[in-house]
Amino acid sequence: MNMGEAQRQGVTSEHGSGASSKLIVESVSKWFRTPRATVHALDGISIEVAAGEVVCLVGPSGCGKSTLLDIIAGLTKPDSGHVLADGQLVTGPGRQRLVVFQEPSLFPWLDVFGNVMFGLKLCPELTNGERREIAHRFLVLVGLEKFERVHVHELSGGMKQRVALARALAADPQVLLMDEPFGALDAMTREHLYDDVQRIWRDSGKTIVFVTHNMREAVCLGDRVLLMSQAPGKIIQAFDIPLPRPRSIYDVDLVGHAARIADALRGTVGGGVPE
Amino acid sequence: MKRIVVSLLFFIALLAIWGIAASSGRWSPVLFPSPWSVAEYLRGALLDGTLVEAIYVTMKRLLVGYAIGLLIGLPLGLLVSSSQMLEDTVGALALGLQTLPSVCWVPLALLWFGQTEGAMLFVVVMGTVWSVIIATDHGARTIPPIYARAARTMGSQGLHLWIRVMLPASLPFLVSGMKQGWAFAWRSLMAAEIYVTILTGFGLGQLLHYGRELQAMDQVIGAMAMIVIIGSLADRILFSPWERFVHRRWGTNVK
């Protein structure tokens, strides 16, 4: 099987045909022009994500996975190709596709509750009472209802990301985009969050694109893992993860899957090992 | 509480040393008045209304000039921060003119506006506006871009993005920019009042100036004391609440 075939097979979701796809990325390419050089960041990326599916993008740092997520979010424009969300062409950012960033993106001038309310205040169909109720509900969901009036800088890194997750989920996006949200956290906090996140996702049934460079994290969270290569960023292989949920990061089968993906990456970049 | 006591003791000791030095008789009381004669002067000036009048005139000039400086400086600073071309032109101009001590504007102001309130305002505005532009520009450039990105994905754009995100995100530097502007406005006004002797109002700086003309050292020192007191009070009243808010929310500089 040649690479092109693998790509076509891999990127089409088994959960649905193209017609019912929540999110379609079609031959997206991106170049970055700096005064010194032009970097080919993404090369003809095509992905289809079915409704309710969790797709993890993994790859070495600098492979353009965050750029791809920005393009899906509408924060960056692709140089060629396009993104369809619910059949609609993505032309800019919008609250149908919310992003949880790796860097702390909470607003320091608002308290925890105010941060979750920020997105809700941009939903004109809600009354203020409904907004408060929703904000509270999602803070309960991430286990931070006791911290509603706390200032952002007083939270730990893990708590900040929980608030960011609550803020994103509260606005009820169609698609949740997560850009290495746990990358800056310590291992213990991260593992704790995996359990929470799996529970929350199961209940919310959101369509999720999750970017990470951690193989086990990808296998733990994803229904499907797409492996990207570096410079230019390309999807080189796709893996279905048929493991039952909730998954533990220490599960033997899970580690086996992660090793398979790591091997595939090593094979393609010629000995390069991802972090 | 302990800090207040320590600082009180310090100033009492300072006054005591001044009093002892003045009463030692080594220096002429005309050139080196005692704290009591300065206090006596301030009491008299307060009672006959000159001091209140001077403070009123000075504060009016200061507030009007400062407000104009902010109204020009803040938007201009934001504009400069958003464009490389403006940075290279207006930004460079501001950087250059900011190094000019505000008293250097006085001759120009006098020639252009004569002995008028306009000259006074001109000096204050020129002293304020450049430093406000620079502080605002610098601050706006250091807002983490992640805030705008996060807000945009949540559907914030245009005016909403500016008022709900960029403005509060820039609060820390806006406060420091406004504070710096205030300090410059205050210094410029004092320079202007000492050099521009106009009849439309008699401010604290002029009180100081005429104290020198009349060889009234108690008046000179009394006016200086008032300038110090008003300067630091204004700092407390106008800026401390904002600074505390910023420190509490951003978690910076927690004491």
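Both the backbone and the side chain of V165(B) come within contact range of chain A, with heavy atoms under 4.5 Å apart. Within the 4.5 angstrom heavy-atom criterion, only backbone atoms of L106(A) (N, CA, C, O) approach chain B. For P173(A), no part lies near chain B; criterion is any non-hydrogen pair under 4.5 Å.
For D172(A) and R95(A), the salt-bridge test fails: no basic side-chain N is under 4.0 Å from an acidic carboxylate O. Between E53(A) and R224(A), at least one side-chain nitrogen of the basic residue sits less than 4.0 Å from a carboxylate oxygen of the acidic one, meeting the salt-bridge criterion.
Ranking M154(B), R248(B), R164(B) against chain A, the residue ahead of the rest is M154(B), based on heavy-atom pairs under 4.5 Å. In terms of non-hydrogen atom pairs under 4.5 Å with chain B, the most contact-rich of G92(A), G74(A), G94(A) is G94(A).
Side-chain rings of F182(A) and H192(A) stay apart, their centers remaining 6.0 Å or farther from each other.
Exactly one residue among V106(B), L189(B), L204(B), L208(B) makes a side chain to side chain contact (heavy atoms under 4.5 Å, CB included) with I194(B). That residue is L208(B).
Taking the six-membered ring where tryptophan is involved, the planes of F113(B) and F122(B) are tilted, since the angle between them lies from 30° to 60°.
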